[in-house]
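To start, the structure itself, in structure tokens.
Residue numbering restarts at 1 for every chain, and letters A, B, ... go by the order of the sequence lines. Given the structure is predicted, the values throughout are model-derived calculations rather than measurements.
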2 protein chains.
Amino acid sequence: MKASVLFSGGKDSSLSALLLEPFFEIELVTCNFGLLPTGEIAEKTAKELQFPHRVIPLEREILEKAYGMIIRDGFPKNAINYIHEKAVETLASDAEVKFIVDGIRRDDRVPVLAPPRIRSIEDRFGVQYICPLKGYSRKAVDILVDRYLVIEEGPSETTQKADYETELRELIRQLQGEEKISELFPVHIQSHVLSRKTGKKAAGSV
Amino acid sequence: MKASVLFSGGKDSSLSALLLEPFFEIELVTCNFGLLPTGEIAEKTAKELQFPHRVIPLEREILEKAYGMIIRDGFPKNAINYIHEKAVETLASDAEVKFIVDGIRRDDRVPVLAPPRIRSIEDRFGVQYICPLKGYSRKAVDILVDRYLVIEEGPSETTQKADYETELRELIRQLQGEEKISELFPVHIQSHVLSRKTGKKAAGSV
């Protein structure tokens with residue numbers, strides 16, 4: 001059974017892939033709008049993790065609509081959730097995709113899909129949407145990450161990542177300048193996965 | 001790292017154990033009020049799954065209070081949730097327990113712990129509460145169960161299981177007779193795990 005993991009190169013999507021690895025044939029999938037080479041950043045991490053990786057292009061108008069939302073709202077929540085839902089739908093519309101894996105944690109608020117939206121996507125596209133970390137606190141995730149992954153952490157401006165925010169920030173930078181970004185996005189720490197920790201193989205027989 | 005799985009012998013708690021097996025040292029834990037030998041039923045399944053198993057006694061007054069709740073309410077939800085929270089707390093109070101694993105699924109309504117109750121238990125006892133199936137639909141669980149487990153299914157009255165409901169039903173039977181049970185509990189299908197499926201080993205290297 002193949003599982004397609006929405007992959008940003010961060011610790012949550014990487015750990016999600018590791019947790020499902022004993023049970024599914026994993027592929028990592030990164031969405032890209034063509035504004036920045038986020039696919040290449042993610043590809044590098046995917047290689048380190050030894051998983052197959054592909055980039056799926058998302059329509060530019062999705063990013064433009066999200067831009068309109070964040071400018072109107074003054075905060076990123078609705079814009080990021082909108083891109084996220086469109087990304088899941090785009091992946092779900094691939095006839096070969098049966099299990100979509102998303103790295104959201106128990107306490108995540110953005111991006112998150114509301115239960116009725118999840119069921120709608122599962123029913124319309126005949127896929128199963130799995131969030132392996134949905135029943136894990138941030139602390140439990142951090143314990144597993146520390147055990148299995150080598151990461152670097154830093155503020156969003158300087159940490160290379162391939163999430164939806166990266167290209168949305170870039171579009172804002174191009175259209176409104178650097179200052180507008182810090183006005184719209186709260187400062188937060190991003191993680192970027194470098195590799196697996198060696199000597200920490202999972203026991204793995206079911 | 002040891003993880004203690006709340007274990008009823010059903011498919012959800014069994015699958016939860018299997019999903020964490022590559023990453024934790026698993027022990028299965030069954031709660032028992034001393035009314036029926038549910039510990040022995042669960043022990044048999046645990047042996048088939050090749051996991052260590054232990055029974056923890058819960059105070060009889062928890063069951064009696066739950067009995068009062070279901071009689072007052074006329075439905076089992078609050079009574080089952082009450083037993084469930086007390087079971088998690090009892091397990092959390094064991095100083096050797098650091099990770100408590102619960103088999104609830106995305107769509108489960110009973111038993112379920114509200115997020116503030118989860119955080120309260122994690123903070124008070126210094127444990128992490130993990131629900132590996134919280135991000136899985138019933139259908140996704142069934143696909144994995146079908147791949148990795150041999151189960152039998154049937155109505156609650158005839159299927160051997162070691163969940164909280166079993167002893168609560170027995171107390172109602174003893175105090176109010178058989179008919180009262182069908183008045184209070186909706187008819188529903190229980191699963192009981194018989195063994196692992198052979199030849200379906202997980203790949204399992206992290």
**Asked** Which heavy-atom pair separates B/Y148 from A/P22 by the least distance, and what is that distance?
**Response** OH-O, 4.0 Å

With rounding to the nearest 0.5 angstrom, report the [atom1] to [atom2] distance, [X] to [Y].
X: B/I143; Y: A/F99; atom1: CD1; atom2: CZ; value: 4.0 Å
X: A/I118; Y: B/S137; atom1: CD1; atom2: OG; value: 9.5 Å
X: B/E21; Y: A/F23; atom1: CD; atom2: CZ; value: 7.0 Å

Counting C-beta onward and ignoring hydrogens, is there a side-chain heavy-atom pair between [X] and [Y] closer than 4.5 Å?
X: A/L133; Y: B/K134; value: no
X: B/Q128; Y: A/V141; value: no
X: A/Y136; Y: B/C131; value: no

Check this for me: [X], atom [atom1], are more than 12 non-hydrogen atoms of other residues, nucleotides or ligands nearer than 6.0 Å?
X: A/E40; atom1: CD; answer: no
X: B/K65; atom1: NZ; answer: no
X: A/K2; atom1: NZ; answer: yes
X: B/E59; atom1: CD; answer: no

**Asked** Hey, is A/K139 close enough to B/D123 for a salt bridge, meaning N to O under 4.0 Å?
**Response** no

**Message:** Assess whether a salt bridge exists between A/E122 and B/R138, defined as any Lys/Arg side-chain N lying under 4.0 Å from an Asp/Glu carboxylate O.
**Reply:** no

**Message:** Under 4.5 Å from any heavy atom of chain A, what part of B/D102 do you find: side chain, backbone, both or neither?
**Reply:** neither

**Asked** Looking at A/P132, A/A140, A/A17, A/P115, which one has more heavy-atom pairs under 4.5 Å with chain B than the rest?
**Response** A/A140

**Fill in**
From the list B/V101, B/L144, B/I104, B/L49, the residue making the most non-hydrogen contacts under 4.5 Å with chain A is B/L144

